[in-house]
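One structure below.
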Number of protein chains: 2
Amino acid sequence: MSAREQPVKEQRRTRQRAAVDEVLDETDDFISAQELHSILRSRGASVGLATVYRTLQALADDGRVDVLRTGGGEAAYRKCARDEHHHHLVCRSCGATVEIAGPAVERWTSSVAKEHGYVDVAHTLEIFGTCPKCAGQS
Amino acid sequence: MSAREQPVKEQRRTRQRAAVDEVLDETDDFISAQELHSILRSRGASVGLATVYRTLQALADDGRVDVLRTGGGEAAYRKCARDEHHHHLVCRSCGATVEIAGPAVERWTSSVAKEHGYVDVAHTLEIFGTCPKCAGQS
DNA sequence: CCAGTTTTTGACAATGGTTGTCAGTTTACC
DNA sequence: GGTAAACTGACAACCATTGTCAAAAACTGG
């Protein structure tokens, strides 16, 4: 979680990866591997489930998508606009996502960690709520 | 995540629940249901796995233990000292845990959420690092 | 203490997300 | 074109967690 600079292990361009990438590009909210897979199916672009998992995992490892662990224990993925570390404000009803930068939080977490002698520090922070649209309809 | 005041649904005192509670009391780090179960086994206090899961879930629902979603997708539980909402600084090597209160973060998250019109807000924040002891040994 | 009622337990099946396997396919490169 | 290495996909295997349901334990009022 510190030296994250591997030259992005060599990879080949394939129809399947392009398809996954395309769906991610079009989707603004976090989606699970399973959801992504069924979207691909419904489009006719048949891609194996295992391949979807592998592709998402590779993207996540390279930091090209953000990963979120849902309460139910499944992983959700999203291709984010900004490159730097940031957080998400997610609607627990419709999944609408707002990207948040929190320099203050970054500073706070690292100072707290240092205070206790911890090194090589990373953190996870996600905010869940109900977005205006969903709150309105009830 | 807002009105969390149910009078703790009536429950019966059983040997099994006492055993789970005891292990939680003695353990300062987060442990998974499976780990807890095998600790019980190794002590001779045989408790069914399903029971361990049910008990932990009940405790978590009542807010009497904190739950952490590990990267591997399993849930880890810990009985915490303080009652109010707080966060954890966890050693990714030995699991040593420090409880952290972060009023500033609480304020920040709710103001950010409000700013975007989100209501009924909750958040998760955990800090991972390597504790002094583990860092020393390498 | 006793019988009745309700909760709890536990062994096991079932679920569901995710990963491993491995032969067949595709890509990159010469 | 031909070859080696990477990739794919169908399916089995895993593993944490939850559901099932009859038997066992805990409470409760006699």
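First the proteins, then the strands, lettered A, B, ... as listed; each starts at 1.
- Within the 3.5 Å criterion, the main-chain N or O of B:Leu125 finds a donor-acceptor partner in the side chain of B:His87.
- Of the side-chain N and O atoms in A:Gln16, none sit less than 4.0 angstrom from OP1 or OP2 of D:dC7.
- The shortest heavy-atom contact between B:Arg92 and B:Thr130 is NH1-OG1, 3.6 Å.
- With D:dC7, D:dT17, C:dT18 as the choices, the nucleotide that has an atom nearest any side-chain atom of A:Ala33 turns out to be C:dT18.
- Put simply, A:Arg15 has a side-chain N or O that comes within less than 4.0 Å of OP1 or OP2 on D:dG9.
- Residue A:Lys79 is tested with A:Thr27, A:Asp66, A:Asp28, A:Asp21 for a side-chain contact (heavy atoms from CB on, under 4.5 Å); the sole match is A:Asp21.
- The CG atom of A:Leu59 sits 15 Å away from the C1' atom of D:dC7 (whole-angstrom rounding).
- Among the protein residues, A:Gln57 comes within range of the sugar-phosphate backbone only, with heavy atoms under 4.0 Å from sugar or phosphate atoms but none that close to a base.
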Residue pair A:Arg69, B:Glu126: steps toward the salt bridge (charged side-chain N to carboxylate O under 4.0 Å, His left out) verdict: CA-CA 13 Å; A:Arg69 215 89 199 178; B:Glu126 307 298 341; over 6 Å; no
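- Using a 4.0 Å cut-off, no side-chain N or O of B:Tyr53 falls inside it from OP1 or OP2 of D:dT18.
- A residue-by-residue look at A:Ala76 and B:Val47 shows that B:Val47 has its nearest nucleotide of DNA chain C further toward the 5' end.
- In this entry the distance linking CG of B:Leu56 with C1' of D:dA16 reads 13 Å, nearest Å.
- Taking atom CD of A:Glu74 as the reference point, atom C1' of D:dT18 lies 15 Å away to the nearest angstrom.
- Per the geometry, CD1 belonging to A:Ile31 stands 15 Å off P belonging to C:dG17, to the nearest Å.
- Set against D:dG19, C:dT8, D:dG9, the side chain of B:Ala50 has D:dG19 as its closest nucleotide.
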Which atom pairs link the protein and nucleotides 27-30 of chain D when you take only N or O atoms and keep those under 3.5 Å?
from   : atom 1 : to      : atom 2 : distance (Å)
D:dC27 : OP1    : B:Arg13 : N      : 3.2

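- The CD atom of B:Glu35 sits 10 Å away from the P atom of D:dT17 (whole-angstrom rounding).
- Nearest approach of A:Cys131 to B:Tyr118, heavy atoms of both residues: CB-CZ, 3.5 Å.
- Looking at heavy-atom distances under 4.0 Å, A:Ser46 makes contact with sugar-phosphate atoms alone, never a base.
- Look at CZ on B:Arg69: it is 13 Å from P on C:dG17, rounded to the nearest Å.
- Between the P atom of D:dC14 and the CD atom of B:Gln34 lies a distance of 15 Å, rounded to the nearest Å.
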Using the side-chain contact (heavy atoms from CB on, under 4.5 Å) rule, take B:Tyr77 and B:Leu59 through it: C-alpha gap first, then chi angles, then the decisive distance, then the call. CA-CA 9 Å; B:Tyr77 303 83; B:Leu59 287 172; over 6 Å; no
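- In the hydrophobic cluster analysis, where Ile, Leu, Val, Met, Phe, Trp and Tyr join through side-chain heavy atoms closer than 4.5 angstrom, A:Phe128 is grouped apart from B:Val112.
- Between the CG atom of B:Leu49 and the P atom of D:dC15 there is a distance of 14 Å, rounded to whole Å.
- With hydrogens and angles ignored, no donor-acceptor pair closer than 3.5 Å exists between the side chain of A:Arg54 and the base of C:dG20.
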